Amino acid sequence: LQGKLLRLLQEQRFERVGGNQTIQTDVRIITATHRDLEAMSSAGTFRSDLYYRLNGFTIAVPPLRERREDLMLLFERFFSLYARQLGKVVQGIAPDALKLLAEYPWPGNIRELQTAVRSALLKTNGPVLVAEALPDEIRFGSRPRSAEGRPDSAGAPESPAGTFERLLDRELRADSAGFYNTALAHMERHLLTRVLSLTSGNQSHASRILGITRGSLRNKISQHGILIVNKVESEEEKEEDIDNSISLASAVPGD
């Protein structure tokens, strides 16, 4: 097959199977591969003359793990697309799920991200996509599994208490000054995300539960880096509904 393709590229003409008429071509060929064709050519598994014929100009596309700045842009795009296609009313993603997505190496690149987002949305019934909805390979990676085939509990995402203990140990080892304020900020961030998750991102409802003004809640959302997932709204939707697009994503300082 490689020989036939090389002949087509060189002569720019071919005959259909069963035909006797030579057809002239005038095309440009664009190819893509995740293989090392140069190494395969040296090993004799890919024809070197075909390799050099195809290799007129090369664009190296880095894997997703090497362009983390694109990850959340792509996630938001697929999140919005598949939520609409599946008829899911999901306003955001929980912090621990967002952390897992950010840390995963994505060996399958963008196609794996697409599949993971769609799969997670299919398993999501509430207003927030939680870590438990993500595929096992993202949640547990290559961590060992129990005898029953379940991932060991040691590989499960940390609880908020566990994250706080890790933060506490780190700050104490560093002999940090002013850790009291850092600890309060951590607890406030966790409280806000829990209440916003409970209220499906409705800030008016959340401010009533917390006993603070809506303006104060907005300031705290901004202060703690709780992200907003962009969402297209119709003209008829109320302004308050726009607040429901909170993504409930924040990170522990230093993580």
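For clarity, every value in this text was computed on a predicted model and none was experimentally measured.
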I30 atom CD1: more than 12 heavy-atom contacts under 6.0 Å = no
query = Between A94 and V128, which heavy-atom pair has the shortest distance, and what is it?
reply = N-CG1, 3.5 Å
message = Going by side-chain hydrogen bond (donor to acceptor under 3.5 Å, both in side chains), name the residues that satisfy it together with E188, two or more places apart in sequence or in a different chain.
response = K220, H224
task = Compare all side-chain heavy atoms of L37 with those of L50 and state whether any distance is below 4.5 angstrom.
result = no
note = Note: A97 and L129 closest approach over all heavy atoms is CB-O, 4.0 Å
ask   = With no hydrogens and no angle check, is any side-chain donor or acceptor of T45 less than 3.5 Å from a backbone partner on M40?
value = yes
inquiry  = Checking the side chain of S207 only, and the main-chain atoms of Q203 only, is there a donor and an acceptor separated by less than 3.5 Å?
reply    = yes
inquiry  = Quick test of your reading of the model: are K99 and D96 salt-bridged, counting only N-O distances below 4.0 Å?
reply    = no
ask   = Could you state the interatomic distance from OG1 (T213) to CG (N219), rounded to the nearest 0.5 Å?
value = 7.5 Å
key: Residue pair L54, L9: steps toward the side chain to side chain contact (heavy atoms under 4.5 Å, CB included) verdict   = CA-CA 9 Å; L54 289 171; L9 294 175; 3.8 Å; yes
query = How far does CD1 of I221 sit from OG of S216, to the nearest 0.5 angstrom?
reply = 10.0 Å
ask   = Can you find a heavy atom in the side chain of L113 that is under 4.5 Å from one in the side chain of L71?
value = yes
key: Hydrophobic cluster identity match, I110 and I138, side-chain contacts under 4.5 Å   = yes
remark   = Output for pair (L134 CG, I93 CD1), nearest 0.5 Å, gives 6.0 Å
inquiry  = Applying a strict under-4.5 Å side-chain criterion to I, L, V, M, F, W and Y, I'd like to know whether L98 and L73 cluster together.
reply    = no
request  = Enumerate the residue pairs fulfilling salt bridge (Lys or Arg N to Asp or Glu O under 4.0 Å) with a member in residues 3-19, sequence neighbours excluded, ordered by first and then second residue.
outcome  = none
query = How about E132 and K123: do any of their side-chain heavy atoms sit closer than 4.5 Å?
reply = no
message = According to side chain to side chain donor-acceptor pair (under 3.5 Å), does anything in residues 109-121 pair up with another residue at least two apart or in another chain? List the pairs.
response = Y82-Q114, Y104-E112
query = Hey, quick one: are F57 and Y51 part of the same hydrophobic cluster, counting side-chain heavy atoms closer than 4.5 Å, chains of contacts allowed?
reply = no
remark   = So salt bridge (Lys or Arg N to Asp or Glu O under 4.0 Å) across residues 55-69, not counting sequence neighbours, yields R67-D70
key: Pairwise side-chain contact, L74 with L64, heavy-atom cut-off 4.5 Å (strictly under)   = yes
key: Taking every non-hydrogen atom, the tightest pair across V90 and G126   = CG2-O, 3.7 Å
Point-to-point distance, once rounded to the nearest 0.5 Å, from OG of S41 to CZ of R35 = 14.5 Å
key: ring pair (Phe, Tyr, Trp, His ring centres under 6.0 Å) contacts touching residues 3-42 (sequence neighbours left out)   = none
request  = Sequence neighbours left out, what passes side-chain hydrogen bond (donor to acceptor under 3.5 Å, both in side chains) with T58? Give chain and number order.
outcome  = N55
message = Check whether T25 reaches the backbone of Q12 with its side chain - one donor and one acceptor, N or O, closer than 3.5 Å.
response = yes
